There are 2 protein chains.
Amino acid sequence: MEPQPHILVVDDDREIRDLLSRFLERQGMRVSAARDAKEARRLWPLGRYHLVVLDLMLPGESGLDFARWLRAQDDVPIVMLTAMSEETDRIVGLELGADDYLAKPFNPRELLARIRAVLRRAGGEGGGPKEPPARAIRFAGWTLEPARRRLLNPEGVEVPLTGGEYELLQVLVERPNRVLTRDMLMDLLHNRQAGPFDRAIDVAVSRLRRKLEDDGRNPTLIKTVRGGGYVLAATVERA
Amino acid sequence: MEPQPHILVVDDDREIRDLLSRFLERQGMRVSAARDAKEARRLWPLGRYHLVVLDLMLPGESGLDFARWLRAQDDVPIVMLTAMSEETDRIVGLELGADDYLAKPFNPRELLARIRAVLRRAGGEGGGPKEPPARAIRFAGWTLEPARRRLLNPEGVEVPLTGGEYELLQVLVERPNRVLTRDMLMDLLHNRQAGPFDRAIDVAVSRLRRKLEDDGRNPTLIKTVRGGGYVLAATVERA
DNA sequence: TGTGAATTGTAACGAAATGCAACAAGGCGC
DNA sequence: GCGCCTTGTTGCATTTCGTTACAATTCACA
């Protein structure tokens, strides 16, 4: 296991700084806090931070500007906090390179979960065994190359996949012979819940099937489980 | 065959603990319950649990942390219960190694189904080696391939089965020469009870028989036990 | 053995779930 | 701003499966 993750919290609200410091430290992390971008800039070279929790609404220089500066320094993961729950803000933040986003007021526990998720994704935290194995994955003649994020057909020719199609296939391939409900797929792919009449997953599967040359009327690879979801019906092996 | 699975339920809601205890015990499982992580930790060494049902939202130490601890102890399967809003937690949970999850409020029957699925996937309990690779199953010349979710006739040609037909056949093949009542089949296939005039199973068997070229008037493979149910009359061997 | 009640087999029907083409909204590069 | 690409939505065709109806079979019992 990695030593302690070291977190930098940047927020002008003293109460939040203290709360987060206590809470995250109790969870086994080291925490430093800054009240604004200026102070954060001063702290930055003094420690090796694994992740920055950044309030967007800061006095003086905005959190977005500071995030931009951070990005220029290093690719440290950033989790943004903001009072505005507008989707656009989220987009702006994510485009800027934030790794996740949380609207205020937030549940510390949820922030913790996201911090951990981001750290794990960043490959920090002990290089857990859950890291994306960059090895090629073979199933039913096909090859999925996570390293290159591409799919090769049995003849070894690349079949172009869109981002969404790749993600879906990856999720399926990681759980072969297991029925994945639409809910789960929605969760794993988009972090959101499926509405009652949501057909997005069906359509995504349909599109993926076509690229895999799998006939939806009589599928071989991605089987439908009526009332259940979908299963990858194949044995997968990691090269 | 299998000893009683022993389940540990960790949830702070007394009503849920009681409900699950009663329900799962009625399904032939042994159940222990804990109200929080602390109590669960105390119970852990006292029993050999085959599976843990874990609420993510616990007072004191979070379910996520407890799951992490559990993982460090043992690779016991975990099924998580989550509130709808904890989307991130669900993701983190799965990444952490939970084997499945269910959003609250949940249907006990559905939980039961998932528990069974996870136990089955965990490959016979008792801490045997992991996941016996789903081998092909042969009976009376026919071959059922769980890995590909398909059926081959004695000539080796695939006979397309619908999802329901496949499930039914799988259930039968896993219990050869054993009479399965309609109730049992209904339970195993749909997690629900058969109504008094429920003919769904009969019709399903009829449809499956046709694909297996088994004459309903004089069946060879799937025999009818009047007043009882159905039996797969064949010796099965796993390749 | 004959008779009626139960039970089972299965064709037919229809509600619900799924496949997917067509459309639309938004992102991205120019 | 203007297309191209990606992806969600909608509508409709198709498939699946439960229900119903009725015929065939079995059983109890005279």
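Not measured: the values here are computed from a predicted model. Numbered from 1 within each chain, the chains take letters A, B, ... in sequence-line order. Excluded from the calculations below are hydrogen atoms, water molecules and symmetry mates; all remaining heavy atoms, backbone and side chain alike, are included.
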Between C:dT7 (P) and B:Ile201 (CD1): distance, integer Å
17 Å

Could you tell me whether B:Tyr230 contacts a base, only the sugar-phosphate backbone, or nothing, with contacts defined as non-hydrogen atoms closer than 4.0 Å?
sugar-phosphate

Starting at atom CG of A:Asp198, determine the distance to atom P of C:dG19, rounded to an integer number of angstrom.
14 Å

Return the set of residues passing side-chain contact (heavy atoms from CB on, under 4.5 Å) with A:Asn177 (not counting sequence neighbours), or none when no residue passes.
none

Evaluate the ring planes of A:Trp44 and A:Tyr49, with Trp represented by its six-membered ring, and classify them as parallel (under 30°), tilted (30 to 60°) or perpendicular (over 60°).
parallel

Below 4.0 Å: OP1/OP2 of C:dT10 and any side-chain N or O of B:Ser206
yes

At a cut-off of 3.5 Å, list every protein nitrogen or oxygen paired with a nitrogen or oxygen from nucleotides 22-30 of chain D, distance to 0.1 Å.
| from | atom 1 | to | atom 2 | distance (Å) |
| --- | --- | --- | --- | --- |
| D:dT26 | O2 | B:Arg226 | NH2 | 3.4 |

Can you tell if the side chain of B:Arg109 reaches within under 4.5 Å of the side chain of B:Gln193, non-hydrogen atoms only?
yes

Looking across every strand, which nucleic acid part, if any, lies under 4.0 Å from B:Arg207 by heavy atom: base, sugar-phosphate, or nothing?
base

Nucleotide of C:dC13, D:dT9, C:dT8 approaching B:Arg182 most closely (side-chain heavy atoms)
C:dT8

So does B:His190 get a side-chain nitrogen or oxygen closer than 4.0 Å to the phosphate oxygens (OP1/OP2) of D:dG18?
yes

Separation of D:dT15 C1' from A:Lys223 NZ (nearest whole Å)
15 Å

Mind calculating the distance between CZ (B:Arg209) and C1' (C:dG9) to the nearest angstrom?
8 Å

Of A:Thr181, A:Leu208, A:Ile201, which is the lone residue that meets side-chain contact (heavy atoms from CB on, under 4.5 Å) with A:Tyr230?
A:Ile201

Under 3.5 Å, which protein N or O atoms sit close to an N or O of nucleotides 2-5 of chain D? Give each pair with its distance.
none

Distance, rounded to the nearest Å, where A:Asp215 contributes CG and D:dT15 contributes C1'
13 Å

Rounded to the nearest 0.5 Å, what separates atom CZ in B:Arg207 from atom NZ in B:Lys211?
9.5 Å

Among C:dA21, C:dG19, C:dG9, which nucleotide has an atom closest to any side-chain atom of A:Asp202?
C:dG19

Could you give the CG-to-C1' distance, from A:Asp214 to C:dC20, as a whole number of Å?
14 Å

